[in-house]
Trainee: 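Handing you this structure, nothing more for now.
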Amino acid sequence: MAIKFYNTLSKKIEEFIPLETGKVKIYMCGPTVYDYFHIGNARSFVMIDIIRRYFIYKGYDVKFVMNLTDIDDKIINKAISEGVSAAEIARKYSQAFFEDIEKLKIKPADVYPKATENINNIIELIQKLMDKGIAYQIGGDIFYDITKFPEYGKLSGKKLEDLISGARVDVNELKRNPADFALWKAAKPDEPYWESPWGKGRPGWHIECSVMSMKNLGETFDIHAGGNDLIFPHHENEIAQSEAATGKPFARYWIHFGFLNIDNQKMSKSLGNFFTAREILEKFSAEALRLLYAQTIYSAPLNFSLELLQNSENAIKRLKNSIHQVETAIQLENQEEFNTSRFYSEFEEAMDDNFNTPQAMAVIFDFVKEVNSFIAKYNGLTANNKEKILKFFEKVAQDVLGIIDLHQYKKFDDKLIDNLMKIIIDIRNQMRQEKRFDIADAIRNQLKKLNIELEDKKGITTYKINK
Ligand SMILES: [Zn+2]
C-alpha cells in the first residue's frame, strides 16, 4: 500500500510518489537556538521522527535534514540581556537541543546544517536573486520583491493583491511592497556580521532554509515539514526565494504540525503554563510523552495536560508489563500459532492513511490485550510465538513509534540476572563451606532446570546461561 497524506501545497490528501524510487528526502525547520525548546516544538520534532521512521519501516532510504538557526534577532537579544556573545548563546542552546532530542529518543538527523556555516551559499543565492531583478537593495539591506513571483501565496492561500495593498506595518517605508521581506540585514552597531557585496550584515531567516535544504537535498526534493505557524510567511517565502532562483519546483509535499494547547489554553510564559521539554522529561518518561503526542493526529491541535501525560505513563507501564510477560513466559513445546500479520496490516493501514498515529496506537493496545489473553489461556508460549510477538513490539512500538526500548530492558535484565546470580553463588558457597552439600546441590540442580550451568574452577564459581 502506498502512503497517503495531506499536502499543504495542494490542499489535498495525496499519494506519496518520491522523486527517486525508494528514496525520500525530507527537510524540517529546526530550532532557533536561543532557549530550551518547549513541548510544542517537541511535538513537531517527535512527529516528524515518527513519520521518518515509518518511511524507513516501509523500506525507503530516507535522508533527513534539520537546520539550526544560530544567528537571529532572538539570539542577539538574549546575548545582550545576558551580557555574552551571540555565538555563546547559540553554542549553549545548540548543545541543549541535542541533549533534549536524545532524551526524547529522536533519531538524529543525517545532517544538521547551521546558518552560520552556510553564509557563502546564502550570499550566492541572494546574488542570484539580485541578478534576476527579484531582489533589491535599500542601504545595506536586501529585500525580496514579492510581485516578481506571481505564484506568491500558493502555499498559504494568501492573495498577492491583498498583500500588496495591505497596510504598512513595517518600519521600513522604502520597501516596494509592505510584504517584501529581508534577505540580508545590514549590521547594527555591536551586532555579529559577515562581509557581503552589500556591506557588513547577516542573513534573514527565510533565506537560510532555502539554502540549507537545497544544498543538502537538491533544488527539488520530496518533503518539507514544520509547525503550522511557519506556513506564512516563512515557508511561503522559502518557496518564493527557491523557485524564483532555480526556476524549478522546490519541495513537492508540505507537512505541517498542529499547535499544542495546555488545558485548552494557549501555552504562554505570561499565563504560567509554559513547559520546556527538558523540565517535563525530569518527571515523565520520553515514551509517555511520545505516546501522548502520537494519540493526536499530527496536524490537529493537541491538548496537553499533566493528567493526560500521567495516563500515558500508565499506558506505557501496561505495555512494558505485557512485554515482560512475553519475555518471562513459560516455554511450551506446542501451541497454535499466534497471528501477528493481522496487526501488521492494521498498523500499516492506519499509518498509510495520513500517518494516523492515534489509530496505530489503538492497534498496539489491541495487540497487547490479545497477547495477554493468549499467554493466560495457554499459561506460556512456544519459542516461535514468543519471537513473533517480540518482533512486532520491536518493529512497530520501538522502531516506528519509539514508545518502548527493548534493548534497554534487555540491558537492565542482564544486569539484574548477573546481580541475582552473584547472590545465589555466594549462598551456595556459604553452604559448601558449612558442608551442607544437599542444599548446595539442590541450588545447582534447580538452576540447571532453568538452563543455567554453574562451574567451579580453582575456588571460583562462574555461571553460563544456555539458550
Ligand atoms: Zn525553516
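As a basis for the values below, the full set of heavy atoms in this structure was taken, side chains included, without hydrogen atoms, waters or symmetry mates. In each ligand, atom 1 is the first atom listed, and ligand 1 is the first ligand listed.
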Trainee: Taking side chain to side chain contact (heavy atoms under 4.5 Å, CB included) as the definition, give me every residue that meets it alongside K154, ordered by chain and number, with sequence neighbours left out.
Mentor: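 Partners of K154 by the side chain to side chain contact (heavy atoms under 4.5 Å, CB included) criterion, ordered by chain and then number, come out as L9, E151, E236, I239, E243.
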Trainee: Assess the residue pair D131 and Q127 against the criterion (side-chain hydrogen bond (donor to acceptor under 3.5 Å, both in side chains)); give the C-alpha distance rounded to whole Å, side-chain angles, the decisive distance to 0.1 Å, and a yes or no.
Mentor: CA-CA 6 Å; D131 295 344; Q127 189 60 58; 2.9 Å; yes
Trainee: May I have the step-by-step check of ring-ring contact (aromatic ring centres under 6.0 Å, His included) for F347 and Y344, ending in yes or no?
Mentor: CA-CA 5 Å; F347 170 74; Y344 280 110; 8.0 Å; no
Trainee: Is the shortest side-chain N to carboxylate O distance from D141 to K175 below 4.0 Å?
Mentor: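 No, D141 and K175 are not salt-bridged.
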Trainee: By the salt bridge (Lys or Arg N to Asp or Glu O under 4.0 Å) test, which pairs, at least two apart or in different chains, include something from residues 206-230?
Mentor: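 Every pair satisfying salt bridge (Lys or Arg N to Asp or Glu O under 4.0 Å) with a residue in residues 206-230: E219-K248, D222-R252.
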Trainee: Which donor-acceptor pairs under 3.5 Å do side chains of residues 79-89 form with protein atoms, sequence neighbours excluded?
Mentor:
residue : atom : partner : partner atom : Å
S81     : OG   : K78     : O            : 3.0
S85     : OG   : E88     : N            : 3.1

Trainee: What are the protein N, O or S atoms, given as residue plus atom name, that sit under 2.8 Å from the Zn ion (ligand 1)?
Mentor: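 C29 SG, C209 SG, H234 NE2, with waters left out.
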